[in-house]
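Single-structure report; data block below.
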Amino acid sequence: MSTDAEGRVRSWTLEPSIPRFRPPPGAVDAHCHVFGPADRFPFSLKAKYHPHDAGPDALFALRDHLGLSRNVIVQASCHGTDNAATLNAIAASGGLARGVAVVDPAISDEDLQALHDGGIRGVRFNFLKRLVDDAPKDRFLEVAGRLPAGWHVVVYFEADILQELRPFLDALPVPVVIDHMGRPDVTQGPDGPDMCAFRALLDSRPDIHFKATCPDRLSEAPPWDDFARAVRPLVETYTDRCLWGTDWPHPNMESRIPDDGALVDMIPRIAQTPELQRKLLIDNPMRLYWSEECP
């Protein structure tokens with residue numbers, strides 16, 4: 001773990017391996033973040049963690065190192081509802097990044113449109129109590145009903161509150177993307193109670209997508225075999241609704257920093273055919289984030 005004099009931490013490796021798997025041209029890292037630079041984009045006063053700077057230059061260098069083509073930058077909770085750092089990274093991408101914002105539910109329609117013009121295509125609702133102090137479902141539903149055309153909602157929660165969240169998820173009036181599959185216990189296997197509950201959610205409406213991401217968070221240690229066993233059947237069943245991403249720079253993972261090359265090498269273990277890999281890495285994220293380029 002690397003901590004500086006100000007108590008800021010680094011949660012990513014400085015020397016990621018080169019993956020053995022070569023992603024197909026056009027592959028999208030559909031879940032990543034930027035931190036700062038803090039001298040330009042200060043952290044929220046409510047931030048629960050204070051990371052080292054991890055700006056767009058580092059993100060795009062990693063993208064190229066891993067053989068990926070595009071990024072979907074998800075607003076990091078340390079920046080609260082000020083999306084300036086995310087918008088800055090999108091603007092620096094030359095059209096190769098889009099984003100997901102975190103907003104105050106009282107945001108105006110004009111400010112939502114400004115986010116759209118800046119490359120945002122969704123909003124994230126976070127229900128992890130260790131990261132956010134307040135998650136008002138009624139206000140989230142209100143803003144979800146005012147999103148620009150073509151946007152979706154990203155929801156982050158842990159498996160133990162899925163049933164509690166079902167009425168809220170059922171009521172969302174736009175497509176939904178679930179971060180990290182709602183953090184199931186993958187040691188239970190593909191037919192364990194957490195994965196069965198998640199499949200029931202996916203079966204409840206056809207516009208719920210999921211990110212087959214974060215073996216480093218959900219499995220104890222590389223090579224993350226239990227993650228591969230539990231998640232591969234999900235990708236094979238819901239082929240048009242799965243996404244993948246690195247989660248770089250891995251917020252709050254400073255004590256278990258993953259190798260980003262190894263994360264890429266998980267892809268062929270959960271999507272075993274070129275057709276599935278194309279859906280996971282290109283077709284599905286392009287439809288959500290670059291719909292104007294899709295036929």
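Only this structure's heavy atoms are used, side chains among them; waters, hydrogens and symmetry mates stay out.
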Original post:
What class does the angle between the rings of His116 and Trp151 fall in, given that below 30° is parallel, 30 to 60° is tilted and above 60° is perpendicular?
Top reply: parallel
**OP:** Compute the centroid of each ring, for His152 and then for Tyr289, and state whether the two points are separated by less than 6.0 Å.
**Re:** yes
With sequence neighbours excluded, residues passing ring-ring contact (aromatic ring centres under 6.0 Å, His included) with [X]:
{"X": "Trp12", "answer": "Trp248"}
{"X": "Phe227", "answer": "none"}
{"X": "His33", "answer": "His31"}
{"X": "Phe43", "answer": "His50, His79"}

Subject >> Result of checking Leu68, Ile73, Val74 against Asn71 for side chain to side chain contact (heavy atoms under 4.5 Å, CB included) >> reply: Ile73
Subject >> Qualifying residue, where the test is side chain to side chain contact (heavy atoms under 4.5 Å, CB included) with Asp53 and the options are Arg40, Arg8, Arg10 >> reply: Arg8
Original post:
Can you list every pair that meets side chain to side chain donor-acceptor pair (under 3.5 Å) and has a residue in residues 90-100, with sequence neighbours left out?
Top reply: Arg98-Glu292
Taking the basic N atoms (NZ, or NE/NH1/NH2) and the acidic carboxylate oxygens, is any pair closer than 4.0 Å for [X] and [Y]?
{"X": "Lys279", "Y": "Asp283", "answer": "no"}
{"X": "Asp207", "Y": "Arg241", "answer": "no"}
{"X": "Arg146", "Y": "Asp109", "answer": "yes"}
{"X": "Lys137", "Y": "Glu142", "answer": "no"}
{"X": "Arg287", "Y": "Asp240", "answer": "no"}
{"X": "Asp160", "Y": "Arg183", "answer": "no"}
{"X": "Lys211", "Y": "Asp247", "answer": "no"}

Original post:
Just wondering, are more than 12 heavy atoms of other shown residues or ligands nearer than 6.0 Å to CZ in Arg205?
Top reply: yes
Subject >> Atom CD1 of Ile161: over 12 foreign heavy atoms under 6.0 Å >> reply: yes
Ignoring hydrogens, what is the shortest heavy-atom contact between [X] and [Y]? Give both atom names and the distance.
{"X": "Val103", "Y": "Thr81", "value": "C-CG2, 3.6 Å"}
{"X": "Pro16", "Y": "Leu62", "value": "CG-CD1, 3.8 Å"}
{"X": "Asn83", "Y": "Leu115", "value": "CB-CD2, 4.3 Å"}
{"X": "Pro19", "Y": "Leu66", "value": "CG-O, 3.8 Å"}

Original post:
Which residues pass the side-chain hydrogen bond (donor to acceptor under 3.5 Å, both in side chains) test with Asp191, sequence neighbours left out?
Top reply: none
Original post:
Between Asp259 and Thr13, does a side-chain hydrogen bond (donor to acceptor under 3.5 Å, both in side chains) hold up when you go through it step by step?
Top reply: CA-CA 7 Å; Asp259 171 17; Thr13 179; 6.0 Å; no
**OP:** State whether a side-chain donor-acceptor pair under 3.5 Å links Asn284 with Tyr238.
**Re:** no
